[in-house]
S.K.: 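Can you keep this structure in mind? I'll have questions shortly.
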Number of protein chains: 2
Amino acid sequence: MPRTDSIEVANALHRASIRLLRMVRAVDDQTGVSAPKLSALSVLTFGGPQNLKTLARAEQVTPATMSKLVSDLEAAGLVAKRIDRADKRGVRIEVTAKGRTLMEEGRKRRLALLNKCIAKLTREERAQLAEASALMMRLAE
Amino acid sequence: MPRTDSIEVANALHRASIRLLRMVRAVDDQTGVSAPKLSALSVLTFGGPQNLKTLARAEQVTPATMSKLVSDLEAAGLVAKRIDRADKRGVRIEVTAKGRTLMEEGRKRRLALLNKCIAKLTREERAQLAEASALMMRLAE
DNA sequence: TTTATTAGTTAGTCAAACTAATTATCTGGG
DNA sequence: CCCAGATAATTAGTTTGACTAACTAATAAA
């Protein structure tokens, strides 16, 4: 039975989170695209086309930082930029077919990894983790 | 009732982990010491004095990277280095009193944050998170 | 219509990661 | 016993991603 006082729970969660993210990153590295770029690409894939400022805020970086990430993604052919017709200062950034393919391959790789670990858990344990995720989101609100 | 298939659980955990670490980092930033340095300091505090190679492995960085982190920590008076008597190639790195104080203050700040969130959970929810942490560690083995 | 604001980019800086090369020390096989 | 090779740490140099500040271009407001 694990300890349930705040500080112990927090430390355990902290360590576990670090480990988990490290494992996922190892798989994502295989795409050849860095984590910050992959993350931005993911936002564009699942959140749809958007302008630079919105994307920067979603990723919690400055517009200047995002500008560079996006221009690198564009050079790699993973996103396309187009000037916003309504406001010519703005750009509309969207994922290309190549970008989508890369994301899909990443998803497959991640799934392959999962079949080697999460699948080993029982249905009950998976449910436990799913509920814990919801609690963690509530915590960090 | 959250979904329990692998890919959904994994995505939920991934997002939750990112959020949680981001929240903790905001507090740790107040120490004025960067996350990588703070992490190394933590290993030294709880794992005791050790040589550079061991510390580098614990933090999963190259000895070259750790060498710089440690020399910065030394310049800040948070750790002390001493040549190993048994093997003069090696150094013994240990936390100073100042380093311990900083860690302790960090712990207090983190606790203060926790009293504003984890404490809001019920005893049962905390137990749930504690068990989930253990599962996450098993996942990432 | 002039002034202020907003969107994005560019330039320059910094920290932290890496690899490769260097220095100093240790160790084992002839 | 001693030298060749291994090992510990550091140093040099590069890359990436973060920042701020300064800039251009376009829009909004006075």
Side-chain angles (χ1 to χ4, degrees), chain A residues 18 21-26 28-44 47 49-76 78-94 102, chain B residues 18 21-22 24-26 28-44 47 49-76 78-94:
Chain A
I18 288 170
L21 290 183
R22 188 177 285 157
M23 187 180 74
V24 169
R25 194 177 55 210
D28 287 346
D29 280 353
Q30 297 173 4
T31 59
V33 179
S34 73
K37 286 169 193 169
L38 220 47
S39 180
L41 194 60
S42 168
V43 168
L44 290 169
Q50 47 203 286
N51 66 23
L52 194 125
K53 197 186 185 181
T54 308
L55 186 55
R57 199 167 38 225
E59 290 295 89
Q60 308 207 104
V61 296
T62 61
T65 298
M66 188 50 71
S67 182
K68 183 61 168 55
L69 292 178
V70 167
S71 87
D72 286 355
L73 285 170
E74 190 187 23
L78 301 172
V79 306
K81 287 194 298 187
R82 219 180 57 200
I83 290 171
D84 186 343
R85 273 160 303 187
D87 182 344
K88 291 175 185 163
R89 293 168 304 180
V91 292
R92 175 192 156 95
I93 305 157
E94 64 183 333
L102 185 130
Chain B
I18 287 170
L21 289 183
R22 188 177 286 157
V24 168
R25 193 176 56 208
D28 287 346
D29 280 353
Q30 298 174 3
T31 59
V33 178
S34 73
K37 285 169 193 168
L38 220 46
S39 180
L41 195 59
S42 168
V43 168
L44 289 171
Q50 49 205 284
N51 65 22
L52 193 123
K53 196 185 185 182
T54 308
L55 186 55
R57 199 167 39 226
E59 290 296 86
Q60 308 209 103
V61 295
T62 60
T65 299
M66 188 51 70
S67 182
K68 183 59 169 55
L69 293 177
V70 166
S71 87
D72 287 354
L73 285 170
E74 189 187 23
L78 302 171
V79 306
K81 287 195 297 188
R82 221 182 54 202
I83 291 171
D84 186 343
R85 273 161 301 185
D87 182 346
K88 288 174 187 166
R89 294 169 304 179
V91 292
R92 176 192 157 94
I93 305 157
E94 65 182 334

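Lettering of chains follows the sequences in order, A, B, ..., and the numbering in each one begins at 1. In this text the structure is predicted, and so the values were computed from the model without any measurement.
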S.K.: What's the separation between atom CG in L102(A) and atom CG in L73(A), rounded to the nearest 0.5 Å?
M.R.: 9.5 Å
S.K.: Report the residues that fulfil salt bridge (charged side-chain N to carboxylate O under 4.0 Å, His left out) with K53(B), sequence neighbours left out, ordered by chain and then residue number.
M.R.: none
S.K.: Quick check for you: to the nearest 0.5 Å, what is the distance between M66(B) atom CE and R57(B) atom CZ?
M.R.: 11.5 Å
S.K.: Rounded to the nearest angstrom, tell me the gap between atom CE in M66(A) and atom P in dT20(D).
M.R.: 15 Å
S.K.: Tell me which residues in residues 78-89 of chain A put a heavy atom below 4.0 Å from DNA chain C, sorted by number, or none.
M.R.: K81(A), R89(A)
S.K.: Find the distance between CD (E74(A)) and NZ (K81(A)) and round it off to the nearest 0.5 Å.
M.R.: 4.5 Å
S.K.: Can you give me every donor-acceptor pair (side chain of residues 28-35 of chain B, partner residue at least two apart or in another chain, under 3.5 Å) with its distance?
M.R.:
unit_1	atom_1	unit_2	atom_2	d
D28(B)	OD1	R110(B)	NH2	3.3
D28(B)	OD2	R110(B)	NH2	2.9
T31(B)	OG1	D28(B)	O	2.7
T31(B)	OG1	V33(B)	N	3.2
T31(B)	OG1	V33(B)	O	3.4

S.K.: Please list, chain by chain and in numerical order, all residues satisfying side chain to side chain donor-acceptor pair (under 3.5 Å) with E59(B), sequence neighbours excluded.
M.R.: S39(B)
S.K.: How bent is the helix from dT1(C)-dA30(D) to dG30(C)-dC1(D), comparing axes over its five end pairs at each side, to the nearest 10°?
M.R.: 0°
S.K.: Can you tell me how far P of dT7(D) sits from CZ of R57(B), to the nearest Å?
M.R.: 12 Å
S.K.: I'd like to check the side-chain contact (heavy atoms from CB on, under 4.5 Å) partners of S67(A); sequence neighbours left out, ordered by chain and number.
M.R.: L52(A)
S.K.: Show me the protein contacts with nucleotides 15-18 of chain D, counting only N or O atoms at under 3.5 Å.
M.R.:
unit_1	atom_1	unit_2	atom_2	d
dG17(D)	OP1	S34(A)	OG	2.1
dG17(D)	OP2	K37(A)	NZ	3.0

S.K.: Quick one: CD1 on I93(B) to CG on L44(B), what's the gap to the nearest 0.5 Å?
M.R.: 6.5 Å
S.K.: Starting at CD of E94(B), measure out to CD of Q50(B) and round the result to the nearest 0.5 Å.
M.R.: 11.0 Å
S.K.: The criterion is side-chain contact (heavy atoms from CB on, under 4.5 Å); which residues satisfy it with S42(B), sequence neighbours excluded?
M.R.: F46(B), M103(B)
S.K.: Using chain A heavy atoms and a threshold of under 4.0 Å, write down where along DNA chain C the contacts begin and end, 5' to 3'.
M.R.: dT6(C) to dT10(C)
S.K.: Holding to side-chain contact (heavy atoms from CB on, under 4.5 Å), I want the full list of residues that pass it with S71(A), two or more places apart in sequence or in another chain.
M.R.: K68(A)
S.K.: With sequence neighbours left out, write down each residue that passes side-chain contact (heavy atoms from CB on, under 4.5 Å) with R89(A), or none if nothing qualifies.
M.R.: D87(A)
S.K.: Rounded off to whole Å, could you give me the CD-to-P distance for the E74(B) and dA9(D) pair?
M.R.: 13 Å
S.K.: Sequence neighbours left out, what pairs pass salt bridge (Lys or Arg N to Asp or Glu O under 4.0 Å) with at least one residue falling in residues 33-44 of chain A?
M.R.: K37(A)-D72(A)
